[in-house]
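First the structure, in the form of C-alpha cells, and then the observations on it.
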Amino acid sequence: MELRVKRAPHIDTEITVPGDKSISHRAAIIAALSNGVCRLEGFLNANDCMRTVEALRALGIRIDEPEPNTIVVHGKKRVLSPPAGDIDCGNSATTMRLMAGLLAGQKFESRLIGDSSLSKRPMERVITPLRQMGATIVAEGSEQTAPLRVHGGSLQGIKYEIPVASAQVKGAILLAGLFAKGKTIVTEVGSTRNHTELMLRYFFVRTTRTENGAIGIFGDQIPESRDFRIPGDLSSATYWLTAAAVQPGGHLLVRNLGLNPTRTPVLGVLVRMGAQVREAVENVDQLEPRGIVEITGAMLKGTVIQGKEVAQLIDELPVLAVAGALASGTTIIRHAQELRVKETDRIAAIAHNLRVMGAQVIELNDGLEIHGPAPLRGARVPSFGDHRIAMAFAIAGLFADGETTVQDAECVEISYPGFFKTIEEFVNPKRAQVSTPVIGSLSLAPMEE
Ligand code: S3P
C-alpha cells in the first residue's frame, strides 16, 4: 500500500504509543521459561513480536491473547518441545537471534527461517559464541546467514567479548547462559539496551554486573512467574517527537513511555539540536523506567552524532537524519555502519530518499553528512520494505511542500500498528489541543544541554 502525507498544521497534542518492541520480545521469552502464568500487558501486537509469540507456541508454550495488547504466557519451567516444522521469524532479527540463543540450550534440532531481508542479515555474530558454548549451528545461507539449523544442549558457560555493539547478540548469549553449566559472562564494546538483563532480574534470575560492565548469568535457574506492564516504545515515539521538534513552537506530550537510560540518548540529540525536552520518570517499580516526555519545537541546528551514543539510538537515526535535513547547518552521523545491515541498507536508503525530496546529502561509509535546512519537496519515496525508513519519510512528508507518497508502507506493521492513525491525526488534528506545558507544572528541571 501507499501512504500519502501532506504538510502538518501546527502540532500541539498528546499521544501514547504502542508497547516497546525490544521489551515485548524479551518478556514473552522469559515468561515462557518461568514456573507459571504471566500476564503481559501493553504487549506490542506487531508483526515482529508476534513472530516471537508464534515461535514460542511452536515450542509448546501456551500463549493466550485475552484482549488486544495483552498476552498471557503459561511458563513451563524451561521445558520446551521440539517444533513440528520450521520456525519462521519473518522480518524479525530480534526473534531469530534471541531464539538462536534459546534453542542453543535445547537438546532437539530446530530450523529458523526468515524473509528475504532477514536471510541476508549477519548471523555469524550469534553463531560464533553459541558454538563456543557447545551448540551445533549450521547456517544454510551462503554468508553464514539464515536459515539456521540449531542443535543444542549440554552448553558450557563462557567468557565472551561481543565484537559488535548488539543487544540481540548479548540477549542470545544470556539466554543460552541460562541453560549452560556454570557462569556465562559477556562484555560489550559499547553498551547497548539492557532489556534482557533487566527482564531476567525482574523474573528473579540471578545476574551479576561488574564495574567494567561485564554481565554474568548462572545456568540452571528457573525464572519466577510474574505479571508485567510493557511501557510505550521510545523509538516509536521518536517519530512524533521529531515532528514536534522540527516545528518552531510545536508541542507534544507522550505518556507512559519507556525511559530506560540505554534508550534515551535520542532525547539528548534533540536537545542538542535546539528542542526543549523535559522527561519525567514516574515509575520504576518493574525495573524498566516509564514516564512522560514533553517536547517543544524550534528552528533546529545541525549536530554530530557519533561514538558510543550511536549504539543507543541506532533505530532513531533514520528520523534524526530527517531532522538534520530540516535543521540549519550540517548534521553528521558517524560510526553507524550497523545501519548498513538492518532491514535494508539504511544509510543508502536515507541518502536516496532525502535526495529525492531535495536535500543535500553525502553518503559516508559509516554514516551521512546532511546539509540543511532543505526546503523539502513532496515526492514518491520507496520504503525499501523497511518500517523505519517508511515512518521516517512519512514524517519528512509532514514538512514538505506538496504531497509525499511512501511506497510499500505496509511494512510499518512490523513495529508500529497504529502509525497510520496517528499520522492522520497529525495532518488533520481533531482533538482538543494541549496548550499549557504539562511537565512544567511538575516543576522538573529541563534536561541539561
Ligand atoms: C534490538 C537491538 C538493536 C535494534 C533492534 C532491536 C533488540 O539491534 O536495532 O531494532 O531488541 O535487541 P542490534 O542488536 O542488532 O543492534
Side-chain angles (χ1 to χ4, degrees), residues 18-30 43-44 46-53 55 89-102 114 117-118 120-129 145-146 162-175 186 188-200 215 230-231 233-239 258 260 262-263 265-266 288 308-320 333 335-347 349-350 366 386-392 411-412 414-416:
D20 188 275
K21 176 160 90 75
S22 297
I23 300 177
S24 292
H25 285 290
R26 288 154 172 89
I29 294 171
I30 298 168
F43 188 82
L44 177 64
N47 292 352
D48 262 22
C49 298
M50 292 316 288
R51 292 292 181 176
T52 291
V53 164
C89 304
N91 190 250
S92 175
T94 314
T95 304
M96 186 170 280
R97 294 186 179 131
L98 294 183
M99 279 295 149
L102 179 66
S117 153
L118 183 52
K120 289 190 207 103
R121 296 185 63 185
M123 291 298 147
E124 181 271 330
R125 53 181 66 188
V126 282
I127 294 173
T128 301
T145 40
I162 306 172
V164 280
S166 167
Q168 294 172 356
V169 176
K170 176 174 59 175
I173 299 171
L174 291 174
L175 287 172
V186 287
E188 303 185 85
V189 280
S191 82
T192 61
R193 60 191 75 192
N194 63 357
H195 303 303
T196 310
E197 301 91 294
L198 285 186
M199 197 58 61
L200 286 165
I215 302 145
I230 293 148
D233 193 321
L234 181 58
S235 302
S236 300
T238 298
Y239 299 103
N260 180 315
T262 63
R263 296 284 294 281
V266 61
E288 283 286 357
K308 296 239 179 236
E309 76 178 349
V310 168
Q312 297 191 344
L313 46 70
I314 192 82
D315 291 341
E316 291 79 74
L317 288 172
V319 76
L320 287 175
I333 298 172
H335 307 137
Q337 57 278 7
E338 271 297 296
L339 288 181
R340 295 215 181 261
V341 291
K342 292 291 180 187
E343 285 80 336
T344 188
D345 175 343
R346 287 186 179 159
I347 293 177
I350 294 166
D366 63 349
D386 182 321
H387 55 132
R388 300 209 187 276
I389 297 297
M391 292 187 279
C411 57
V412 305
I414 284 166
S415 67
Y416 196 162

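Numbering of ligands and ligand atoms starts at 1, following listing order. As a basis for the values below, the full set of heavy atoms in this structure was taken, side chains included, without hydrogen atoms, waters or symmetry mates. Note that the coordinates shown come from a computational prediction; the quantities given were computed from them, not determined experimentally. Along the sequence shown, residues are numbered consecutively beginning with 1.
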Go through ligand 1 atom by atom and flag the ones less than 4.0 Å from a non-hydrogen atom of [X].
X	value
Ser22	1 (C), 6 (C), 7 (C), 11 (O)
Lys21	10 (O)
Thr94	6 (C), 11 (O)
Ile314	9 (O)

Check ion pair Asp315-Arg193 (N to O, under 4.0 angstrom): yes

Lys/Arg-Asp/Glu bridge criterion (N-O < 4.0 Å) met for Asp386, Lys342: no

Among all protein heavy atoms, pick out the one at the shortest distance from atom 14 (O) of ligand 1; state its residue, atom name and that distance to 0.1 Å. Ser166 OG, 2.8 Å

Atom 12 (O) of ligand 1: closest protein heavy atom, distance to 0.1 Å, is Arg26 NH2, 2.6 Å

Considering only heavy atoms, does His25 approach ligand 1 within less than 4.0 Å through its side chain, its backbone, both, or neither? neither

Where's the contact between Ala165 and ligand 1, heavy-atom distance under 4.0 Å: side chain, backbone, both or neither? backbone

Does Arg97 have a heavy atom less than 4.0 Å from any atom of ligand 1? yes

Under a 3.5 Å distance rule, please check whether Asn194 uses its side chain to pair with a backbone N or O of Glu197 as donor and acceptor. no

Could you measure the distance from the CD atom of Glu288 to the CD1 atom of Ile23? Nearest 0.5 Å is fine. 3.5 Å

Please round to the nearest 0.5 Å and tell me the distance separating atom CZ of Arg388 and atom OG1 of Thr238. 9.0 Å

Nearest to atom 16 (O) of ligand 1 by heavy atom, Arg121, Gln168, Gln312, Lys342: which? Lys342

Between the candidates Leu317, Leu339, Asp315, which shows the shortest non-hydrogen contact distance to atom 4 (C) of ligand 1? Asp315

If the condition is salt bridge (charged side-chain N to carboxylate O under 4.0 Å, His left out), which residues does Glu316 pass it with, not counting sequence neighbours? none

Are any non-hydrogen side-chain atoms of Asn260 and His195 less than 4.5 angstrom apart? yes

Got a sec, which residues hit side-chain contact (heavy atoms from CB on, under 4.5 Å) with Cys49, two or more places apart in sequence or on another chain? Lys21, Ser24, His25, Phe43, Leu44

Say whether Ala167, considering both its backbone and side-chain N or O atoms, lies within less than 3.5 Å of an N or O atom on ligand 1. yes

